[in-house]
Amino acid sequence: MATLKAALASAVVESQGLSHPSAEELAHHVKVPDPSHGDLALPCFLLTKALNPPAPPPVIAERIAQKLAADERFVDVHAAGPYVNIRISASLLANTVLSDARTPGYGGGQEGAGKTVVIDFSSPNIAKPLAFHHIRSTVIGHAIARIHRARGWTVQGINYLGDWGKQFGLLATGFERHGNPKRITDAKHLVEVYVKASREADVGSLQRSITAPTEVRALATQLTEARTNLGSLPKEQKKRTEKLIRSLEKKLREYLATKDSDPLQNFNVQLEKLTQEAKEAKEALEQAKAYDTQARAFLKRMEDSDEEALGIWKRYRDSSIDEFKRVYHRMGVEFDAIEGESFYSKVLEQTIAQVRQQPGTKIDNGAEVVDMVVPKGQPPVLLKTSDGTTLYLTRDIAAAIDRYKRFKFERALYVVAADQSLNFSQLFSTLKAMGFTWAENMHHVPFGRVHGMSTRRGNIVFLDEVLEEAVQKAEQVCEQSDKIAKEHLKDVVEAIGVGSIIFGDLKNLRTSDYTFSYEEVLDFRGHTAPYVQFSHARACSILRKAGGVPSDIQPECLVTPEERAVLKTLAAYPDAVTLACDNFEPSIVTRALIDLAQVTASWLSAGNKDRTKRVLLDEPELQHLRTARLALVDAIRETLAHGLYLIGVQAPTAM
RNA sequence: GCACCCGUAGCUUAGCUGGAUAGAGCGCCGGACUACGAAUCCGGAGGUCGGAGGUUCGAAUCCUUCCGGGUGCGCCA
């Protein structure tokens, strides 16, 4: 569509002899209106001042319309108030689209040629499982990688494992207590051990439990007071107090883990419970502190290159990676490199020294902090704990510097959940303060949370189990299909099941939270993978029946409203890919696919009622229509397959 | 308390960086199969775009403020 918009814009600029909005600028303002108005529309408001003498928009529109009427590329040119509406001639539209869209790789481009983008995505923590919440970083990052590659970029997709840090200490020391040495390579077992160990060493939440009764009592007193005062307050203060009451009630509900609208309802019973919990927490606290210290000590040993500790670490790391690889393979996700924080353990001292050269570092309570210019309200950056071990951020600084050295990237993206925004803001501002101007090209690509996923097994939902469940549900439906050859059933079911999970994620705007439901993502109607996959399979089926597309195509005979709708949607596809690339937003591609699947289904179904609208026409005198329509089906097939590939979803040829 | 993100139909959500009557999907109501694949299609009902101001010829979109929700806030990652 970009090329068609450009054609219109340059025609306008030439015909009016304009000098200052360039054709390129003007093309940016060309709209795709409601089909009843035409194919393209140009609002003339912004041209009022471009003309000498200036004229009101409707007059300009009229003038442009008169000039353009002679251009045979555009038909039905007319001014409608301040707009010029045009229809693209059948031959221009169909010729452009059919030749482009049937070329493999349609939607690709070259604006990224010679540039490198580094994409950090998936990046799970070793020692923890690949859980459902990893889905977002994994599929979004993978799609962004493929989209960039399609636009000509050189892509370095890095799975940057969280393979260094305290969590390893927790796992190693926890294994001594709870582990079964025979199952040391069993990833699921390691997860159980880790979950148990991290709970036992969770000093923070024990301390919260201990202080909870006191806090709760204070909150309750405040609440009761606020409530009694409420009646006697003047209007102004009343609102404030009401707000306070609501927030107090909310806090209390959290503490008491209750859903009662009045948290004070069973207050004494609840308080009793909390008091009991506090007592238990007090007893567990010393032990937890000891476990926590052990875990930290283990990390210290790792950082001091203790061979035994490193040996244990490596064993856990290897078995985790094996498990991850299995799931990635199932999802069709590839990386250019699997690296990890551990890669930088050797250069951390050097990195810290490098940071220290800049003004603003200091030791605070035994911890090394950077107190450079950070935006107001933000805490200083911590480089080292008071035990002398490094932090996640320290390792990220080292990794960023190394990545720039290696790749000289034009863009570096971190596809990481939105709740880590602060860390990235700290990372980037530290790098900038160190004088690295390339840090301007680093972006945190945040994403929202997934709701509605029921939790099992201690709050962890395994990604693999979600995939498996989706595949099983897909199988129940597919078994009834007579279109799938027995030997392909398993592959098709896998493509639909896994695809529906990926698609269900990528149809949502990256930054918004979404609610997951199997029913929704696997619905064969609506905005789902199966729906788009079905459209693709149907196109393949027609092409199979036709035995391919003859070569004597006359694109200009594609003139029905349905065909034009399909052509325009096809024309919009490359724009979607470009936009998705520049905004790091795969959902734009996903939605373009939904649109295409929809107009396709609509077109093909029109043939059910009106036989003359069918593709596979038998009449000898209609063979030119048959051929042109087959070419259109082929363009649809090619585009759907390409788009599905970009978002990492398979496209079966029959289902 | 401070910072960032988000409020669009009953539900899930688009809205192309300010343009024509705010588009979909699910659900609901009503239609279309001797099928180029009905796993589909066509039609209908359903919206004061959280509220109030402001900028503009023009605001769901930009600014201010209020209401409501989420997340983060020095030794976890």
Side-chain angles (χ1 to χ4, degrees), chain A residues 1 28-29 31-34 36-37 41 43 45-46 48 56-57 80-83 85 123 125 128 162 164-167 170 198 204 239 243 246 296 341 364-369 371 375-387 389 391-393 395-396 417-423 425 446 448-449 477-478 480-483 507-509 511-515 517 519-520 523-528 530-531 533-535 537-538 541-542 545-546 572 575-576 579 583 587-588 591 594-595 598 601-609 611 613-617 626 629-630 633 654-655:
Chain A
M1 204 50 102
H28 197 245
H29 290 93
K31 302 287 167 187
V32 178
D34 185 286
S36 61
H37 291 107
F45 306 97
L46 62 153
T48 46
Y83 294 88
N85 292 326
S123 306
N125 277 321
K128 296 182 191 171
W164 202 254
K166 200 180 93 178
Q167 77 269 26
L170 280 171
S198 64
K239 262 197 167 170
K243 194 179 169 185
R246 273 199 302 275
R296 287 165 182 283
E341 295 177 44
D364 188 12
N365 279 335
E368 175 107 26
V369 305
D371 212 354
K376 59 167 178 158
Q378 283 192 13
V381 175
L382 247 84
L383 295 177
K384 249 187 176 183
T385 70
S386 42
D387 319 323
T389 55
L391 289 157
Y392 165 77
L393 188 67
R395 305 190 278 272
D396 267 359
D419 55 18
Q420 289 199 42
S421 295
L422 177 61
N423 300 284
S425 134
R449 304 159 74 85
V477 181
C478 288
Q480 291 153 27
S481 168
D482 55 352
K483 300 290 195 300
K507 79 168 182 206
N508 299 290
L509 270 187
T511 46
S512 59
D513 297 355
Y514 75 94
T515 307
S517 114
E519 290 68 38
E520 208 182 308
D523 197 329
F524 279 63
R525 306 159 299 172
H527 292 169
T528 64
Y531 178 80
Q533 286 169 322
F534 170 74
S535 227
R538 196 174 172 185
S541 166
I542 293 175
K545 288 207 168 108
D575 306 340
L579 205 60
N583 292 290
S587 71
I588 296 172
R591 289 179 188 279
I594 293 168
D595 288 346
Q598 255 163 5
S602 193
W603 172 46
L604 294 177
S605 299
N608 286 344
K609 267 195 172 170
R611 299 196 69 87
K613 290 188 171 177
R614 295 198 173 199
V615 176
L616 300 180
L617 298 160
R626 178 186 159 114
R629 286 174 182 173
L630 276 172
V633 172
M655 60 188 271

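Hydrogens, waters and symmetry mates are skipped; everything else that's a heavy atom, side chains included, is used. Nothing here was measured: the structure is a model prediction, and the numbers come from that model. Each chain gets a letter, A, B and so on, in the order the sequences are listed, and its residues count up from 1.
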Base, sugar-phosphate, or nothing: which does [X] touch, judged by heavy atoms less than 4.0 Å apart?
X	result
A:Leu422	sugar-phosphate
A:His29	nothing
A:Gly165	sugar-phosphate
A:Asn85	base
A:Glu341	sugar-phosphate
A:Lys166	sugar-phosphate
A:Arg296	sugar-phosphate
A:Arg626	nothing
A:Ala572	nothing

>> I'd like to compare against my own output: the B/S/- annotation of nucleotides 54-60 of chain B with a strict under-4.0 Å heavy-atom distance to protein.
In response: ---B---

> How does protein contact run along nucleotides 11-17 of chain B, one letter per nucleotide 5' to 3', with B for base contact, S for sugar-phosphate only, - for none, heavy atoms under 4.0 Å?
Replying inline: -SSSSSB

Pairwise [atom1] distance for [N] and [M], with rounding to whole Å:
N	M	atom1	result
B:A45	B:A24	P	12 Å
B:A9	B:G23	P	14 Å
B:G10	B:G46	P	11 Å
B:G43	B:G7	C1'	32 Å
B:U21	B:A60	C1'	15 Å
B:U61	B:A14	C1'	13 Å
B:G54	B:A59	C1'	11 Å
B:U56	B:G19	C1'	12 Å

> CG of A:Leu391 to CD of A:Glu341: how many Å apart, nearest 0.5 Å?
Replying inline: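 Rounded to the nearest 0.5 Å, the CG-CD separation comes out at 10.0 Å.
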
>> Rounded at 0.5 Å granularity, tell me how far CD in A:Gln533 sits from OG1 in A:Thr528.
In response: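 So the CD of A:Gln533 and the OG1 of A:Thr528 are separated by 8.0 Å.
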
> Can you list the residues that meet the salt bridge (charged side-chain N to carboxylate O under 4.0 Å, His left out) rule with A:Asp595, with sequence neighbours excluded?
Replying inline: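 None.
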
> With A:Asp387, which residues qualify under salt bridge (charged side-chain N to carboxylate O under 4.0 Å, His left out), at least two apart?
Replying inline: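 A:Asp387 satisfies salt bridge (charged side-chain N to carboxylate O under 4.0 Å, His left out) with A:Arg296 once adjacent residues are dropped.
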
Please name all residues satisfying side chain to side chain donor-acceptor pair (under 3.5 Å) with [X], sequence neighbours left out, ordered by chain then number.
X	value
A:Thr385	A:Thr389
A:Arg591	none
A:Gln598	none
A:Ser535	none

>> Assuming nearest nucleotide by heavy-atom distance, tell me which of A:Leu616 and A:Tyr83 is located more 5' along RNA chain B.
In response: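 Taking each residue's closest nucleotide, the earlier one in sequence belongs to A:Tyr83.
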
> Which residue lies toward the 5' end of RNA chain B, A:Ala654 or A:Gln420, if each is placed at its nearest nucleotide?
Replying inline: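 Mapping each residue to its closest nucleotide by heavy atoms, the 5'-most match is A:Ala654.
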
> Does the side chain of A:Glu520 come under 3.5 Å of the side chain of A:Tyr514 through a donor N or O and an acceptor N or O?
Replying inline: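 On atom types as modelled, these side chains do not qualify, holding no pair under 3.5 Å.
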
> Does B:G74 sit syn or anti, given that only angles within 90° of 0 count as syn?
Replying inline: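 B:G74: syn.
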
>> Could you check B:U17 for me: syn (within 90° of 0) or anti?
In response: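 What B:U17 shows is a syn base, its glycosidic angle lying within 90° of 0.
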
>> Only Watson-Crick and G-U wobble pairs, only distances under 3.5 Å, only runs of 3 or more: what stems does that leave for RNA chain B?
In response: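 The stems that RNA chain B takes part in, listed by first number, are B:1-7 with B:67-73, B:10-13 with B:23-26, B:28-32 with B:40-44, B:50-54 with B:62-66.
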
List every contact pair, protein side and nucleotides 40-46 of chain B side both N or O, where the distance is under 3.5 Å.
from, atom 1, to, atom 2, distance (Å)
B:U40, OP1, A:Phe524, O, 2.5
B:U40, OP1, A:Arg525, N, 3.2
B:U40, O2', A:Ser605, OG, 3.0
B:C41, OP1, A:Tyr531, OH, 2.5
B:C41, O4', A:Ser605, OG, 3.3
B:C42, OP1, A:Ser602, OG, 2.7

> With distance as the sole criterion, do the side chain of A:Asp34 and the base of B:A20 form a donor-acceptor contact below 3.5 Å?
Replying inline: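 Looking at the base of B:A20, it does not pair with any donor or acceptor on the side chain of A:Asp34 (distance under 3.5 Å).
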
>> For a quick test of reading the model: is some side-chain N or O of A:Ser541 closer than 4.0 Å to OP1 or OP2 of B:G37?
In response: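 Yes.
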
>> B:A35, OP1 or OP2 - any side-chain N/O from A:Arg614 closer than 4.0 Å?
In response: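 False: A:Arg614 side-chain N/O out of range (4.0 Å or more) of B:A35 OP1/OP2.
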
Could you check whether any side-chain N or O of [X] sits under 3.5 Å from a backbone N or O of [Y], counting only pairs where one atom can act as donor and the other as acceptor?
X	Y	value
A:Ser425	A:Ser421	no
A:Gln167	A:Gly162	yes
A:Arg449	A:Asp513	no

> Mind checking what makes ring-ring contact (aromatic ring centres under 6.0 Å, His included) contact with A:Trp603, not counting sequence neighbours?
Replying inline: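 A:Trp603 satisfies ring-ring contact (aromatic ring centres under 6.0 Å, His included) with no other residue.
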
Listing time: all N or O pairs from protein to nucleotides 28-30 of chain B that are below 3.5 Å?
none

